[in-house]
Amino acid sequence: MINITLPDKSVRQVESGTTALDIAKSISEGLARNVLAAKVNGEVIDATLPINEDASLNLLTWNDDEGKAAMWHSSAHLMAEAIEQLYPGVKFGIGPNVENGFYYDIDFGETQVSDADFKKIEDRILSLAREKQTFNRREISKADAIDYFTGKGDEYKLELIDELADGEITFYESGTFTDLCRGPHLPGTGMIKAVKLLGIAGAYWRGDEKRKMLTRIYGITFPKQKELTEFLEMLEEAKKRDHRKLGAELEIFAFSQKVGQGLPLWLPKGAELRERLEQFLKIVQKKMGYQQVITPHIGKVELYKISGHYDKYGEDSFHPITTPIEGEEFFLKPMNCPHHCEIYNSIPKSYRDLPYRIAEFGTVYRYEQSGELHGLTRVRGFTQDDAHIFCTPDQLKDEFKGVMDIVEIIFKALDFNDFIIQISLRDPDDMEKYIGSEENWEKAEKAILEVVEERGLDVIVESGEAAFYGPKMDFIVKDALGRKWQLGTIQVDYNLPERFELEYVGADNEKHRPVMIHRAPFGSMERFVAVLLEHCAGKFPLWLTPDQAIVLPISEKYHKYAEKVLNLLNNSEIRALVDERSEKTGRKIRDAELKKIPYMLIVGEKEENDGSVSVRKQGEGDIGTFTVEEFVKMVNEEVDRLLDIKI
RNA sequence: GCCGAUGUAGCUCAGUUGGCCAGAGCAGCUGAUUUGUAAUCAGCCGGCCGGGGGUUCGAAUCCCUCCAUCGGCUCCA
């Protein structure tokens with residue numbers, strides 16, 4: 001007999017060799033029907049595998065991420081089986097579960113497959129699911145595994161097997177399909193009740209663009225039809241939040257084929273909004289000792305050779321522009337730091353001048369591959385809220401913290417709470433990629449990790465994601481469709497000061513090298529506004545939104561009073577307008593609601609007589625009648641609450 | 001850049017076994033209406049069917065090519 005400890009700490013004595021599924025059955029049939037996999041001593045395995053020793057046991061269901069993972073991983077196998085039946089002779093790459101579903105990379109040979117084929121594949125998957133196939137795990141020797149896939153002619157699986165050690169290879173069989181797989185899998189395919197193939201795309205084998213492109217099919221499955229319906233509804237909702245759609249509707253930005261792809265045009269409302277964001281940051285930065293600078297949009301090629309960017313990105317950049325007579329070469333600046341280094345260098349520095357913090361809303365241009373462009377989040381011309389801090393090594397940590405304070409202030413003012421902090425360090429397996437001394441890298445990485453430690457931050461650490469010149473901390477958010485975007489960034493750099501021979505005279509009267517911090521709390525204005533649009537679904541915070549209020553006169557008779565209200569509002573720094581169309585009030589309200597204007601002020605006879613406005617809040621409805629003064633106070637208080645900056 | 005899909009009016013979409021002058025709703029404009037918390041009515045304007053080639057008596061519809069967009073892959077100083 002062995003002891004099985006359940007999550008509620010209760011202990012069950014069972015025969016050795018009992019499966020998780022058996023234990024579930026002993027608890028209740030209902031539970032057993034819902035068990036997707038089991039977590040035994042912290043390891044996720046098939047619920048149908050025997051347990052042979054004392055263990056803690058978690059029965060994983062649809063409510064557990066690991067349960068979903070088993071479901072979707074099994075679904076990938078099922079899709080592969082369906083596809084193999086429909087397209088005999090196809091070869092398979094990898095087929096994992098992902099955050100929302102699963103995919104399988106498939107080599108279809110000469111056959112063209114498109115989303116028009118999805119229906120057929122989905123139907124086959126469902127009919128296989130109904131066969132209630134089981135997943136049969138078996139350990140197999142490396143030689144036998146190689147034999148099997150050699151027989152099948154699947155070079156992709158053979159490549160994967162080649163990297164595995166003999167004795168750790170397992171196969172899973174379900175129906176007519178056998179796959180190299182570690183598991184775990186569902187007790188049976190019958191638990192898959194609904195399937196939807198979501199997309200088809202090319203994907204390089206092993207993510208290497210030099211290798212063959214396979215066809216990746218994404219899909220998702222559910223234990224209930226209803227959940228699929230809900231998932232699809234959620235996708236529809238997310239699309240409504242897409243910044244590309246909202247940006248057009250709210251007249252924030254536009255693109256023009258004539259201007260060029262990836263080159264955003266800020267419309268008046270968007271430009272005003274962006275200026276408010278910039279102004280806000282400028283005020284914060286001023287309080288924190290930054291000085292504004294301005295640098296040109298181009299710089300000599302030589303500048304980027306010194307900085308090292310030329311070697312790294314020269315080939316991938318927009319090609320240089322040249323002077324007509326001398327043939328001097330200039331790059332459109334892809335970043336501001338080299339210019340800022342030269343600003344540092346323009347006047348000799350003493351340790352008393354440090355930290356030297358210079359900021360610029362610097363517009364930069366980068367050649368992004370055409371397939372990468374994406375609304376405002378990935379563009380070829382954008383403006384960074386850039387700044388560089390030059391300080392002594394002793395000051396580094398405090399300066400780093402100061403930057404984090406700014407990020408915090410900004411995220412708070414925008415009610416932005418849902419972000420991930422990522423620390424990016426070197427790739428220990430590929431040190432060739434980086435420039436700069438070992439000693440400096442270690443110092444920089446240590447400083448960041450210490451700050452994280454001191455602040456008790458919840459961060460994810462990624463090795464190999466560092467910039468080529470130094471480690472960094474990034475603030476990452478997800479867009480409406482769950483794609484991740486990097487917003488703010490703080491990067492430590494010992495390298496550029498070296499390359500630009502930056503110096504300061506220390507208290508010891510000797511020359512020293514400063515440390516440099518690159519930082520951009522927004523990241524880029526374009527990407528930030530895009531993510532903000534999606535975050536607030538177009539309903540910007542009151543202090544930021546283009547139009548804060550709209551006055552809606554009931555009829556032409558009250559236009560005069562409406563104008564008077566408008567003047568009062570404008571005099572109180574409230575951005576407002578009047579709807580003087582000869583439309584019914586219901587219509588004016590509807591239009592203002594759709595434009596997401598936060599406050600609608602309805603004025604008619606009653607309001608004119610007692611100098612008031614009837615206030616309707618966007619998305620909420622009528623909130624009562626106020627005097628204009630009261631309304632102004634209410635708006636100002638709401639704005640101040642968000643902009644409550646404590647430095 | 002690569003794989004796949006898409007491209008009809010400012011927006012959302014009809015229209016393909018190739019066949020009269022390419023349609024609708026919304027938006028816009030004009031007029032009527034003077035309106036009390038999410039769409040007043042009527043009329044009008046608006047499209048070389050993404051661009052360019054080709055096949056055909058005839059192309060929005062079929063073929064080629066380029067461009068852009070969308071979903072991924074790779075990349076992202």
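In the text below, chain A, chain B and the rest are named by the order of the sequence lines, each starting its count at 1.
Side-chain N/O atoms of A/Arg211 and base N/O atoms of B/C73 include no donor-acceptor pair closer than 3.5 Å. For a distance-only test at 3.5 Å, the side chain of A/Arg378 qualifies as a donor-acceptor partner of the base of B/C76. Counting distance only, with no hydrogens placed and no angle test, the side-chain atoms of A/Glu593 and the base atoms of B/A38 include a donor-acceptor pair under 3.5 Å. Remark: the A/Tyr204 side chain and the B/G1 base include a donor-acceptor N/O pair separated by less than 3.5 Å. Residue side chain A/Glu607 reaches the base of B/G36 through a donor-acceptor N/O pair under 3.5 Å, judged by distance alone. Evaluation of atom-type donor-acceptor distances gives a pair under 3.5 Å for the side chain of A/Arg590 against the base of B/A39.
Annotation: side chain of A/Phe330 is not in contact with side chain of A/Pro320 (no heavy-atom distance under 4.5 Å).
Protein atom CD of A/Gln261 is 9 Å distant from nucleotide atom P of B/C67, rounded to whole Å. When rounded to the nearest whole Å, the span between CG of A/Leu198 and P of B/C73 equals 13 Å. Nucleotide B/U35 holds its P atom 16 Å from the CG atom of A/Asp579, rounded to whole Å. Rounded to whole angstrom, the span from the CG atom of A/Leu373 across to the P atom of B/C75 amounts to 16 Å. Atom CE in A/Met335 sits roughly 11 Å away from atom C1' in B/C76 (whole-Å rounding). When the P atom of B/U69 is taken as reference, atom CD of A/Glu368 falls 13 Å away, rounded to whole Å. Remark: P of B/G71 and CD of A/Glu236 are 13 Å apart, rounded to the nearest angstrom.
Residue A/Tyr103 places no side-chain N or O under 4.0 Å from the OP1 or OP2 atom of B/G71. Between A/Arg483 and B/G71, a side-chain N or O to OP1/OP2 separation shorter than 4.0 Å is present. Distances shorter than 4.0 Å separate none of the side-chain N or O atoms of A/Lys333 from OP1 or OP2 on B/A77. Phosphate contact (OP1/OP2 of B/A38, side-chain N/O of A/Arg587, threshold under 4.0 Å): absent. Contact between the side-chain N/O atoms of A/His374 and the OP1/OP2 oxygens of B/U69 is not found at any separation under 4.0 Å.
Ring planes of A/Phe331 and A/Tyr310: tilted class, angle from 30 to 60°. Taking the six-membered ring where the residue is Trp, A/Phe255 and A/Phe253 present perpendicular rings, their angle passing 60° and hence far from 30°.
With B/G36, B/A77, B/U35 as the choices, the nucleotide that has an atom nearest any side-chain atom of A/Lys584 turns out to be B/U35. Comparing B/U35, B/C26, B/G71 by their nearest atom to the side chain of A/Leu481 picks out B/G71. Listed nucleotides B/C76, B/A77, B/U35 differ in distance to A/Lys557; the shortest reach to its side chain belongs to B/U35. Taking every side-chain heavy atom of A/Ser582 into account, B/U34 is the closest of B/U34, B/A77, B/G72. Of the candidates B/A38, B/A77, B/C67, B/A38 carries the atom nearest the A/Leu594 side chain, counting heavy atoms from C-beta on. Distances were taken from every side-chain heavy atom of A/Ile200 (C-beta onward) to each of B/U37, B/U35, B/G4; the shortest belongs to B/G4. The side chain of A/Ile602 lies closest to B/G36 when the candidates are B/A38, B/G36, B/A77. When each of B/A38, B/A77, B/G36 is scored by its nearest atom to the side-chain atoms of A/Ile589, the top-ranked nucleotide is B/A38. Comparing B/G1, B/U40, B/C76 against the side chain of A/Gln369 picks out B/G1 as the nearest. Taking every side-chain heavy atom of A/Arg244 into account, B/C70 is the closest of B/U35, B/C70, B/A77.
Counting all heavy atoms, side chain and backbone alike, A/Ile220 lies closest to A/Gly101 at CG1-CA, 3.8 Å.
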*Could you go through the side chain to side chain donor-acceptor pair (under 3.5 Å) check for A/Glu465 and A/Ser463 one step at a time?*
CA-CA 6 Å; A/Glu465 290 295 313; A/Ser463 290; over 6 Å; no

*Test A/Val529 against A/Phe522 for side-chain contact (heavy atoms from CB on, under 4.5 Å), laying out the working first.*
CA-CA 9 Å; A/Val529 168; A/Phe522 290 130; over 6 Å; no

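Electrostatic pairing of A/Glu608 and A/Lys560 does not count as a salt bridge here, judged by no charged N lying under 4.0 Å from a carboxylate O. At a threshold of 4.0 Å, the pair A/Lys240-A/Glu249 does not count as salt-bridged, since none of the basic side-chain nitrogens sits closer than that to a carboxylate oxygen.
Stacking of the aromatic ring of A/Tyr313 onto the base of B/A77 is found: the ring centres lie under 5.5 Å apart and the planes are inclined by under 30°.
The nucleotide B/A32 finds its pairing partner in B/U40, both defining distances of the Watson-Crick or G-U wobble pair being shorter than 3.5 Å. Using the Watson-Crick or G-U wobble rule with both distances under 3.5 Å, B/A24 pairs with B/U12. B/A5 and B/U69 make up a base pair, with Watson-Crick or G-U wobble contacts both under 3.5 Å.
Comparing the same atom, C1', in B/G1 and in B/G18 gives a spacing of 36 Å after rounding to whole Å. For the P atoms, the distance linking B/G4 with B/C41 amounts to 49 Å, nearest Å.
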